[in-house]
Amino acid sequence: MTVVTRFAPSPTGYLHIGGARTALFNWLYARHMGGKFLLRIEDTDRARSTQDAVDKIFAGLEWLGLDWDEDPVHQFARAERHAEVARQLLAEGKAYYCYATQEELDEMRAAQRAAGQTVRYDGRWRDRDPSEAPEGVPPVIRLKMPQDGETRIDDQVQGDVTVSNGQLDDMVLLRGDGTPTYMLSVVVDDHDMGITHVIRGDDHLTNSFRQVQLYKAMGWEPPVFAHIPLIHGQDGAKLSKRHGALGVETYRDMGILPEAMRNYLLRLGWGHGDDEIIPTDQAIDWFDIVDVGRSPSRMDMDKLFNLNGHYLREADDERLVTLVADVIVDKHGLTVDQHGSELLFQAMKDLKPRAKSLVDMADGAVFLVRPRPLPIDAKAEKILANGGRDLLADLLPAMDGLEWTAAALEQWARDTADARELKLGKVAQPIRAALSGSTVSPPIFEVMEILGRDESLARIRDAVENTQSNQE
RNA sequence: GACCCCUUCGUCUAGUGGUUAGGACACCACUCUUUCACAGUGGAGACACGGGUUCGAGUCCCGUAGGGGUCGCCA
């Protein structure tokens, strides 16, 4: 049997982190099993569904690198098929019309609550003759749930979970306006799409019991269920769009690499011994849904960034140049021309170990492509003011004739420091301040080589001459 | 409230009856060092609690506590 999984988001907003992980697990399982991963847009809530959200979800999945098979199914387009199933059940006596009004149901629930009873539809129209139907109330169609026995789910993650059928109320299949409810739509679509494994958030676990009864009523084989634990926020509560869950594009904008995101999400609820760095191809090889844990986990940004730093160091230099240039343009408002890209490329090996995100990397690299004269930050200015400027002025004439390689420049700096009985840092820091405008940068002699003789000397001259440099 | 689920360092996890309870992030110290990082070494840090079962329990059973989820003509 070929495994078919699906990711079924409702397009009422961006693709948030929990949805992204659900998608990842479905994708990984399908790829691991050599099956298919399908997409279904659950847009039956016409009021809240938007095309913009659909686009964002697609974009989010694409960014994450989760490719789906076949064209996405739009649930609303299948409404007639769903209604047909409801009518069939009605004809077979497995479902019935319910004429209870909204107000009536509200009262019923309020009364149940007040009496300390379980709140659920009481089946008031279950055995009532439709001839008693009130005028002008468009009826809903409800499924006749079994009232005895129990419903059992052998969940791949949660294990055997059983609920007594008395807990299940007769759920609405078709609304008064003839449109299908979510409960009906998911079951019909999962069946029609040939979904073999439903992997979704734990918050759907209790829905599954009722869905199983719908499968049974239709004489269909239920899929295998796997309810994965939710991701919680720092406060331990369910992460949702209105509760701290950020869209995946936000992580992208924070400078996270998609491969880092995948690795991080994978480790939330799933592990493989002591392995932490798990590239995607390895994940496909190792991942199995039965190995997913049952307890919820919390988002840990520090770990995400740590992982991101790792993938950043491994990433291809040219790819990084493009990504970092984009951030420099967007965040720092500068342009990065051919020469600028060249500088970034050469500096990449020094930039990599210093960044945990593309944003960090851009911050650390921007001085390379800034036009002169550079802004000098307060700490750097202090170094220049406290003797650094004088030293540079003193050294400048000799520097012109040096061999301009990192190694030669470093040797020269060491000799110079020795000759003056200074520590190397005393020579290096003023140069760093002049070249980068900061006290923090990649190894400064590397920077000198990358920037080149002319630019380097010009920046040092700027620093020497501008006693009141443009401080930030 | 009812039903369902969960509970190992602060966080993510390994662990499936006998371990000095392992790893990772974060934290602290040290090493490296021209700054900052990276890297390396070391350190502190956990089986929620109470009963069983067993020669022996983080591992099995039952309670308790805490947390979460669901109870819509939303999905």
Side-chain angles (χ1 to χ4, degrees), chain A residues 8-12 42-45 47-49 75 98 100-102 105-106 109 112-113 115-121 138-142 153 155 158-159 161-164 166-169 171-177 179-183 185-186 201-209 227 229-230 232 234 236-238 264 267-277 293-307 309 313 350-356 360 364 379 383 410 413-414 417 423-429 431-433 436 438-445:
Chain A
S10 61
T12 54
E42 309 225 318
D43 53 357
T44 51
D45 185 339
R48 295 196 301 152
S49 298
Q75 193 160 62
C98 168
T101 61
Q102 202 60 63
L105 293 173
D106 288 346
R109 292 191 183 101
Q112 287 170 339
R113 229 182 297 274
Q117 298 168 333
T118 299
V119 177
R120 75 174 84 95
Y121 176 68
V140 300
I141 295 179
R142 287 181 184 271
I153 290 175
D155 194 278
Q158 303 294 335
V161 188
T162 305
V163 74
S164 88
Q167 293 295 324
L168 273 26
D169 61 356
M171 64 179 174
V172 174
L173 262 22
L174 213 59
R175 298 188 184 101
D177 64 2
T179 60
T181 61
Y182 161 78
M183 287 291 182
S185 299
V186 248
D202 204 6
D203 48 343
H204 287 281
L205 181 63
T206 48
N207 284 334
S208 306
F209 298 106
H227 288 91
L230 303 176
H232 286 170
Q234 272 312 314
K238 176 184 177 181
Y264 177 75
R267 289 286 290 101
L268 249 33
W270 181 89
H272 184 272
D274 285 341
D275 294 301
E276 297 289 345
I277 303 296
R294 296 191 215 185
S295 52
S297 45
R298 302 185 189 204
M299 188 73 198
D300 180 357
M301 293 302 279
D302 282 333
K303 189 145 184 174
L304 208 209
F305 277 110
N306 175 273
L307 228 29
R313 272 168 255 138
D350 294 319
L351 258 17
K352 278 177 166 178
R354 292 173 171 71
K356 288 190 186 304
D360 284 350
K379 284 181 184 172
I383 285 175
E410 177 172 349
R414 285 185 188 282
K423 290 202 164 190
L424 182 55
K426 284 289 176 191
V427 177
Q429 280 303 78
I431 299 177
R432 189 187 312 280
S436 73
S438 148
T439 51
V440 175
S441 85
I444 199 60
F445 306 111

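A, B, ... follow the sequence lines: proteins, then strands. Residue 1 opens every chain. Just so you know, these numbers use all the heavy atoms, side chains as well, and skip hydrogens, waters and symmetry mates.
At B:C5, none of the side-chain N or O atoms of A:Arg294 fall inside 4.0 Å of OP1 or OP2 (strictly under the cut-off). Within the structure, a side-chain polar atom (N or O) of A:Thr44 is placed less than 4.0 Å from OP1 or OP2 of B:A75. Between B:U13 and A:Ser297, a contact under 4.0 Å exists linking OP1 or OP2 to a side-chain N or O. Distances shorter than 4.0 Å separate none of the side-chain N or O atoms of A:Arg120 from OP1 or OP2 on B:A2. The phosphate of B:A24 has neither OP1 nor OP2 within less than 4.0 Å of any side-chain N or O from A:Asn306. Residue A:Arg298 has no polar side-chain atom (N or O) positioned under 4.0 Å from OP1 or OP2 of B:C6.
Atom CG of A:Asp155 is separated from atom C1' of B:C6 by 13 Å (rounded to the nearest Å). In this structure, CG of A:Asp202 is placed 20 Å from P of B:A75, rounded to the nearest angstrom. In this structure, the CG atom of A:Leu205 is 8 Å from the C1' atom of B:G69, given to the nearest Å. The CG-P distance, from A:Leu230 to B:G68, rounds to 12 Å in whole Å. Spacing between atom OH of A:Tyr264 and atom C1' of B:C12 amounts to 7 Å, rounded to whole angstrom units. One interatomic measurement links the two molecules: CG of A:Leu174 to P of B:G72, which rounds to 18 Å at whole-angstrom precision. A:Asp300 places its CG atom 7 Å from the C1' atom of B:A26, with the value rounded to the nearest Å. Rounded to whole Å, the distance from CG on A:Asp203 to C1' on B:U70 is 9 Å.
Across all strands, A:His204 comes closer than 4.0 Å to base atoms (heavy-atom distances). In this structure, A:Thr179 reaches neither bases nor backbone, as no heavy-atom distance under 4.0 Å exists between it and the strands shown. Across all strands shown, A:Gly269 has heavy atoms under 4.0 Å from sugar-phosphate atoms exclusively, and none from any base. Using a 4.0 Å heavy-atom criterion, one finds that A:Thr118 contacts the sugar-phosphate atoms exclusively. Within 4.0 Å of A:Asp177, counting heavy atoms only, lies no atom of the nucleic acid at all. Within 4.0 Å of A:Arg267, counting heavy atoms only, lies at least one base atom of the nucleic acid. Among the atoms of the strands shown, none is found under 4.0 Å from any heavy atom of A:Ala433. If you check every strand for non-hydrogen atoms under 4.0 Å, A:Ser164 touches nothing. Within the nucleic acid shown, A:Val163 comes within 4.0 Å of sugar-phosphate atoms alone, with no base atom in reach, counting heavy atoms only. In this structure, A:Gln167 reaches the sugar-phosphate backbone alone: every heavy-atom distance under 4.0 Å involves primed, P, OP1 or OP2 atoms, never a base.
Between the side chain of A:Arg267 and the backbone N or O of A:Trp270, at least one donor-acceptor pair lies under 3.5 Å. Between the A:Ser208 side chain and the A:Leu205 main chain, a donor and an acceptor come within less than 3.5 Å of each other.
The separation of B:U19 from B:G66, taken at their C1' atoms, amounts to 29 Å, rounded to a whole angstrom. Rounded to whole Å, the separation between the P atoms of B:G23 and B:A46 comes to 14 Å. Distance noted for atom C1' between B:U8 and B:A2: 31 Å (whole Å). Comparing the P positions of B:C9 and B:A48 gives a spacing of 7 Å, expressed to the nearest Å. Rounded to a whole angstrom, the distance from the P atom of B:C25 to that of B:A21 is 22 Å. With P as the reference atom, B:G50 and B:U59 are 12 Å apart, rounded to whole Å. On the C1' atoms, B:G58 is 15 Å away from B:U20, given to the nearest whole Å. Separating the P atom of B:U35 from that of B:G42 is a span of 25 Å, rounded to the nearest Å.
Here the side chains of A:Arg432 and A:Phe445 are not in contact, with every heavy-atom distance at 4.5 Å or above. Under the 4.5 Å side-chain criterion, counting only non-hydrogen atoms from C-beta, A:Glu276 is in contact with A:Lys303. Side-chain atoms of A:Thr439 and A:Gln429, non-hydrogen and from C-beta on, do get closer than 4.5 Å to each other. Contact annotation: the side chain of A:Ser185 approaches that of A:Pro180 to within less than 4.5 Å [non-hydrogen atoms, C-beta and beyond]. Contact check for A:Ser49 versus A:Pro11: side-chain heavy atoms found under the 4.5 Å cut-off. Inter-residue side-chain proximity for A:Asp43 and A:Thr12 is flagged as unmet; no heavy-atom pair is nearer than 4.5 Å.
Distance from the side chain of A:Asp45 is smallest for B:A75 among the nucleotides B:A24, B:C4, B:A75. Between B:C3, B:C12, B:G72, one nucleotide has an atom nearer to the side chain of A:Lys303 than all others, and that is B:C12. Residue A:Gln158 places its side chain closer to B:C6 than to any other of B:C6, B:A75, B:G72.
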I would like to know whether A:Phe305 and A:Asp360 meet side chain to side chain contact (heavy atoms under 4.5 Å, CB included); could you show each step before the answer?
CA-CA 11 Å; A:Phe305 277 110; A:Asp360 284 350; 5.7 Å; no

In sequence, state the C-alpha distance, the side-chain angles, and the governing distance for A:Arg109 and A:Gln112, and then conclude on side chain to side chain donor-acceptor pair (under 3.5 Å).
CA-CA 5 Å; A:Arg109 292 191 183 101; A:Gln112 287 170 339; 5.8 Å; no

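Pairing partner, B:A21: none, since no Watson-Crick or wobble contact has both distances short of 3.5 Å. Base-pair partner of B:G42: B:C28 (Watson-Crick or G-U wobble, both distances under 3.5 Å). In this structure, B:G66 forms a base pair with B:C6, meeting either the Watson-Crick or the G-U wobble geometry with both donor-acceptor distances under 3.5 Å. Across every strand in view, B:C71 sits in a pair with B:G1 that passes the Watson-Crick or G-U test at under 3.5 angstrom.
Along RNA chain B, the nucleotide closest to A:His232 and the one closest to A:Pro139 are compared, and the more 5′ of them pairs with A:His232.
The closest side-chain donor-acceptor pair between A:Asp202 and A:His227, if any, does not fall under 3.5 angstrom.
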What is the per-nucleotide protein-contact pattern of nucleotides 31-48 of chain B, from the 5' end, where B denotes a base atom under 4.0 Å from a protein heavy atom, S denotes such proximity for sugar-phosphate atoms only, and - denotes neither?
---BBBBSS---------

